[in-house]
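Structure first, commentary second.
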Amino acid sequence: MGTFSNIVILTGAGISAESGIMTFRDAGGLWEQQRIEDVATPEAFVRDPARVQAFYNERRAALYTVAPNRAHEALARLEREYPGTVTIVTQNVDDLHERAGSSRVVHMHGELRKVRCRMCGNVIEWEDDVEEDSGCPDCCTVGRLRPHIVWFGEVPLYIDEISSLLEEADLFISIGTSGEVYPAAGFVIEVKEHTHTIEINLEPSRGASLFDECRQGPAGILVPALVDELLS
Ligand code: OAD
């Protein structure tokens, strides 16, 4: 494989599956157990904030029971050792890329280990459960914290930065995403014609035919193999 100046890697729930974090749309996935409209929309939060907080509290707590896998580790190694720039744009709200050692990570759907104050607007690192009477450490207002998560109907974060990254990319790799959720599903169309595009997924995603190359199988095996190719 040639040398690239700017590699952009889009990741989805599939990259964290082998760490034990459930995906959304596979059989038995999260959206089969919970209805999106009950836990992942602004309307759900207005209707039943306790239920929504409990859903994200549980997922935040679960992060402490899992660890990065070989796919996360391989991407961190790529960033460390590749002569060009390597940036991860992730739809995941877990922190496994960071814990594996990646430093250029853009969380377009938010982060479980952060909350946002609806009074002062600040985004705050948060390790524990959010309770009804949790206060904002910055403005001290009680009961106004929400998960720092992009819900359905909300605009993803860092869209301008991501557009610039895609504009500059000469290699675009998509890993472990079903291609069901926009705008991420459209990134493969946004990159320039001369950008080489590779998909790694357990099965062909909805947009698989849009990629130059599709590799099917578990991320824990295929991602380290691709990183070895890029570094050789
Ligand atoms: P999905 O659950 O929709 O898709 C996960 C994809 O990963 C599927 O296509 C699986 O085949 C694949 N997969 C599963 N295990 C894998 C493995 N070990 N190796 C490689 N691939 C594997 O998850 P996303 O595409 O990330 O948004 O979902 C996108 C967004 O929808 C999420 O960020 C979330 C969700 O609603 C929000 O919550 C805002």
Side-chain angles (χ1 to χ4, degrees), residues 9-45 52-53 55-60 62-63 66-75 88-97 100 105-116 146-159 162 173-188 198-211 213-227:
I9 301 161
L10 172 69
T11 63
I15 199 168
S16 296
E18 288 158 75
S19 291
I21 299 182
M22 208 182 288
T23 64
F24 297 94
R25 295 177 183 78
D26 289 301
L30 210 47
W31 294 152
E32 267 182 21
Q33 300 177 20
Q34 295 276 353
R35 291 182 340 143
I36 287 174
E37 49 276 44
D38 288 338
V39 292
T41 65
E43 294 77 15
F45 190 59
V52 173
Q53 297 283 18
F55 175 70
Y56 290 101
N57 283 344
E58 197 180 312
R59 297 184 62 211
R60 188 178 307 107
L63 287 184
V66 298
N69 65 53
R70 284 162 46 97
H72 299 103
E73 281 158 9
L75 294 186
I88 295 171
V89 175
T90 187
Q91 298 168 87
N92 297 346
V93 294
D94 65 54
D95 58 351
L96 296 181
H97 284 304
V105 186
V106 180
H107 280 274
M108 63 179 294
H109 287 168
E111 290 168 77
L112 277 171
R113 290 179 67 173
K114 289 184 181 161
V115 296
R116 196 155 75 230
R146 60 160 279 179
H148 185 49
I149 299 285
V150 175
W151 287 322
F152 285 85
E154 295 183 323
V155 181
L157 306 168
Y158 307 112
I159 283 303
I162 294 168
I173 306 166
S174 171
I175 304 168
T177 175
S178 59
E180 296 285 346
V181 175
Y182 284 82
F187 290 169
V188 62
I198 304 175
E199 168 172 289
I200 290 180
N201 211 48
L202 214 45
E203 62 200 5
S205 75
R206 179 178 281 268
S209 62
L210 300 167
F211 288 82
E213 254 185 77
C214 285
R215 302 182 181 191
Q216 271 168 54
I221 292 173
L222 295 189
V223 176
L226 175 61
V227 166

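One-based numbering, in listed order, for ligands and for the atoms of each.
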Quick one: which ligand 1 atoms are inside 4.0 Å of a heavy atom on [X]?
{"X": "Glu203", "answer": "9 (O), 11 (O)"}
{"X": "Ala17", "answer": "15 (N)"}
{"X": "Val150", "answer": "39 (C)"}
{"X": "Glu18", "answer": "17 (C), 18 (N), 19 (N)"}
{"X": "Val181", "answer": "29 (C), 30 (C), 31 (O)"}
{"X": "Gly176", "answer": "5 (C), 6 (C), 7 (O), 21 (N)"}

Check whether any side-chain heavy atom of [X] sits under 4.5 Å from a side-chain heavy atom of [Y], and report yes or no.
{"X": "His148", "Y": "Leu157", "value": "yes"}
{"X": "Thr11", "Y": "Thr177", "value": "no"}
{"X": "Pro183", "Y": "Met108", "value": "yes"}

Requested in this report: Mind telling me whether Trp151 and Phe45 have parallel, tilted or perpendicular rings, with 30° and 60° as the class edges?
Outcome: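 The arrangement is tilted - the two ring planes meet at 30° to 60°.
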Which of these, Ile15, Ile173, Thr90, sits in a side-chain contact (heavy atoms from CB on, under 4.5 Å) with Ile9?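 Checked Ile15, Ile173, Thr90 against Ile9; only one passes side-chain contact (heavy atoms from CB on, under 4.5 Å): Ile173.
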Return the [atom1] to [atom2] distance between [X] and [Y], rounded to the nearest 0.5 Å.
{"X": "Phe187", "Y": "Ser174", "atom1": "CZ", "atom2": "OG", "result": "10.0 Å"}
{"X": "His109", "Y": "Phe152", "atom1": "NE2", "atom2": "CZ", "result": "7.5 Å"}
{"X": "Ile175", "Y": "Leu75", "atom1": "CD1", "atom2": "CG", "result": "4.5 Å"}

Ligand 1 and [X], any nitrogen or oxygen pair closer than 3.5 angstrom?
{"X": "Asn92", "value": "no"}
{"X": "Gly179", "value": "no"}
{"X": "Phe24", "value": "yes"}
{"X": "Ala219", "value": "yes"}
{"X": "Leu202", "value": "yes"}

Counting only heavy atoms closer than 4.0 Å, does ligand 1 sit against the backbone of [X], its side chain, both, or neither?
{"X": "Thr23", "answer": "both"}
{"X": "Arg25", "answer": "both"}
{"X": "Gln91", "answer": "both"}
{"X": "Trp31", "answer": "side chain"}

### Task
Output all residues satisfying side chain to side chain contact (heavy atoms under 4.5 Å, CB included) with Arg35, sequence neighbours left out; order by chain, then residue number.
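If we apply the side chain to side chain contact (heavy atoms under 4.5 Å, CB included) test to Arg35, skipping adjacent residues, the hits are Glu37, Asp38.
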Contact with ligand 1 for [X], non-hydrogen, under 4.0 angstrom:
{"X": "Gly217", "answer": "yes"}
{"X": "Pro218", "answer": "yes"}
{"X": "Glu180", "answer": "no"}
{"X": "Phe152", "answer": "yes"}

Contacts of type side chain to side chain donor-acceptor pair (under 3.5 Å), residue Arg113, not counting sequence neighbours: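 So Arg113 forms a side chain to side chain donor-acceptor pair (under 3.5 Å) with Asp95, Glu127.
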Do me a favour and list the nearest non-hydrogen protein atom to atom 9 (O) of ligand 1 with residue, atom name and distance?
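For this ligand atom, the closest protein heavy atom is Asn201 ND2, 2.9 Å.
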task = Give the residue and atom name of whichever protein heavy atom lies nearest to atom 26 (O) of ligand 1, and the separation in Å to one decimal.
result =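 For atom 26 (O) of ligand 1, the nearest protein heavy atom comes out as Ala13 N, 2.8 Å.
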Q) Which heavy-atom pair separates Ala184 from Leu10 by the least distance, and what is that distance? A)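 Looking at all heavy atoms of both residues, the closest pair is O-CD2, 3.7 Å.
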- Query: What are the two closest heavy atoms between Ala44 and Val39, and how far apart are they?
  - Reply: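 Heavy atoms only, the tightest pair is CB-N, 3.9 Å.
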So does Gln33 have more than 12 non-hydrogen atoms from other groups sitting under 6.0 Å from CD?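 More than 12 within 6.0 Å, yes.
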Closest candidate by heavy atom, reference atom 24 (P) of ligand 1, pool Thr177, Leu10, Thr11 |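 Comparing heavy atoms across Thr177, Leu10, Thr11, the nearest one to atom 24 (P) of ligand 1 lies in Thr177.
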Of the listed options (Gly12, Ser178, Gly29), which comes nearest to atom 1 (P) of ligand 1 when hydrogens are ignored and any heavy atom counts?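 It is Ser178 whose heavy atom sits nearest to atom 1 (P) of ligand 1.
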